[in-house]
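Below you'll find the structure, written out as structure tokens, and then a few comments.
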Amino acid sequence: MTEVDTPRKATTQRLLESAAMLSYDPALEVDWETPLDTSYHGMSPEWSTLYGTDYWAEMTEDQRKELTRQEAASVASTGIWFEMILQQMVLRDFYAKDPTDPAFQWALTEIADECRHSIMFARGAEKLRAPAYRPQRHVVELGRAFKAIATGEAAYAAILVAEEVLDVMQRDSMRDERVVPFVRTINNIHVVEESRHMKFAREETKQRLMGAGRARREANAIAVAITSYFIVTSMINREVYQYAGLDSERAIREAKANEHHRSMLRSSCAGLMDFLDSCGLLTKAALRFYRRASLI
Ligand SMILES: [Fe+2]
Ligand SMILES: [Fe+2]
């Protein structure tokens with residue numbers, strides 16, 4: 001065992017113990033039976049892409065609730081898309097490695113978590129009466145390439161960004177009494193289990209960067225930033241407005257110009273940006289993409 005491996009073993013051992021103590025089976029924990037109560041929001045309204053716009057002010061309360069329910073379903077669907085990418089990257093990363101290593105067992109535990117999450121998100125979106133929201137075609141294809149080739153710090157930093165962005169939205173919604181109870185349970189399960197994943201992703205990102213030269217750091221910083229840009233901009237599918245019965249063109253226009261939404265994203269990602277900076281992944285070139293995605 002090398003010096004580097006010892007703390008990693010201890011960390012993953014703790015994660016395994018924590019998972020054994022507190023993990024959920026969404027099939028049993030989430031109330032799938034009660035019919036959808038449309039008097040609730042799907043996410044904290046402050047997270048809606050239209051919150052604070054003129055359009056929002058004109059909408060009825062029912063329209064706002066339908067919109068946040070469609071937006072929550074879209075976030076869940078994008079979550080499924082990224083969890084499939086992530087499961088494949090982690091599985092590839094641990095291919096034929098030492099199964100007695102706690103990190104190996106942790107990696108499989110994380111994949112099992114994500115598998116349950118994706119089923120949970122799929123059922124949740126269905127219950128919210130949403131169609132299949134998928135990222136745009138070119139983003140789906142970029143994801144296909146990324147999940148096939150990304151390794152080391154690029155894979156784990158991208159995983160971290162996706163998990164952190166989802167985490168902040170879900171933390172607000174899980175505590176929010178305006179949000180439909182079954183969605184709050186889904187968010188709660190996800191927040192608890194993802195906190196372990198984020199710890200692992202941070203550790204792996206730092207580990208893999210040890211001894212990385214400048215060129216590799218620069219290249220991976222850009223790869224992570226571009227991936228983050230596509231993840232964040234795919235969170236809310238453009239079709240949500242149409243399914244919420246809104247004027248799609250106007251909604252897209254006002255959502256694009258919504259400074260409130262951008263500031264929500266920025267303030268929630270401050271800790272993440274500090275972490276990337278501390279790893280040397282917030283390079284000049286990377287910053288351009290984080291700014292475009294309103295993460296900084
Ligand atoms: Fe997850
Ligand atoms: Fe995760």
Side-chain angles (χ1 to χ4, degrees), residues 11-12 14-16 18-30 43 72-94 102-126 128 133-135 143 146-147 150-174 182-208 224 227-228 230-232 234-235 268-269 271-272 275-276:
T11 302
T12 45
R14 271 200 303 278
L15 289 174
L16 277 171
S18 165
M21 296 253 298
L22 187 63
S23 290
Y24 297 97
D25 181 353
L28 303 175
E29 303 284 343
V30 180
M43 57 158 74
S74 172
V75 171
S77 305
T78 305
I80 295 170
W81 168 68
F82 194 76
E83 283 182 342
M84 295 193 89
I85 291 176
L86 167 179
Q87 288 178 70
Q88 292 180 54
M89 293 195 302
V90 176
L91 198 56
R92 259 199 305 110
D93 188 37
F94 279 85
F104 180 92
Q105 293 167 23
W106 166 257
L108 290 185
T109 304
E110 181 165 322
I111 292 167
D113 288 350
E114 301 297 16
C115 191
R116 289 194 310 277
H117 294 169
S118 288
I119 299 168
M120 170 173 81
F121 288 151
R123 289 185 78 177
E126 195 183 353
L128 287 168
Y133 290 125
R134 270 170 295 219
F146 187 75
K147 73 185 169 63
T151 55
E153 64 271 21
Y156 286 101
I159 289 171
L160 182 66
V161 172
E163 292 179 335
E164 291 254 6
V165 171
L166 216 60
D167 187 66
V168 286
M169 293 186 195
Q170 291 181 328
R171 265 174 206 277
D172 285 342
S173 290
M174 76 182 203
F182 86 94
V183 171
R184 292 179 62 192
T185 312
I186 288 176
N187 288 335
N188 195 12
I189 291 173
H190 205 245
V191 163
V192 169
E193 298 188 344
E194 287 297 331
S195 70
R196 292 189 287 258
H197 298 184
M198 290 187 282
K199 172 116 184 88
F200 185 62
R202 278 173 193 251
E203 289 302 314
E204 289 303 295
T205 303
K206 281 191 282 189
Q207 291 263 331
R208 312 286 172 113
V224 174
T227 310
S228 307
F230 285 115
I231 293 166
V232 173
S234 298
M235 281 285 183
S268 62
C269 287
L272 171 66
F275 173 76
L276 293 178

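Every value quoted in this text rests on a predicted model; they were computed, and no experiment measured them. The first residue of the sequence shown is numbered 1, and numbering continues consecutively from there. When a ligand or atom number is given, it counts from 1 through the structure's own listing order.
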Side chain to side chain, [X] and [Y], heavy atoms closer than 4.5 Å:
{"X": "Val165", "Y": "Cys269", "value": "yes"}
{"X": "Leu160", "Y": "Val224", "value": "no"}
{"X": "Val90", "Y": "Ile159", "value": "yes"}

Quiz prompt | Exercise: do Asp93 and Tyr156 side chains pair donor with acceptor under 3.5 Å | solution = yes

Self-check item: Distance-only side-chain donor-acceptor flag, Thr11 / Glu203, under 3.5 Å
Solution: no

Quiz item: Among the N, O or S atoms that His190 has, which is closest to the Fe ion (ligand 1)?
Solution: NE2

Exercise. Identify which protein N/O/S atoms are less than 2.8 Å from the Fe ion (ligand 2).
Key: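 The answer is Glu114 OE2, Glu163 OE2, Glu194 OE1, Glu194 OE2, His197 ND1.
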
Self-check item: Test: Arg202 and Glu163 ion pair at under 4.0 Å
Solution: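 Salt bridge: no.
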
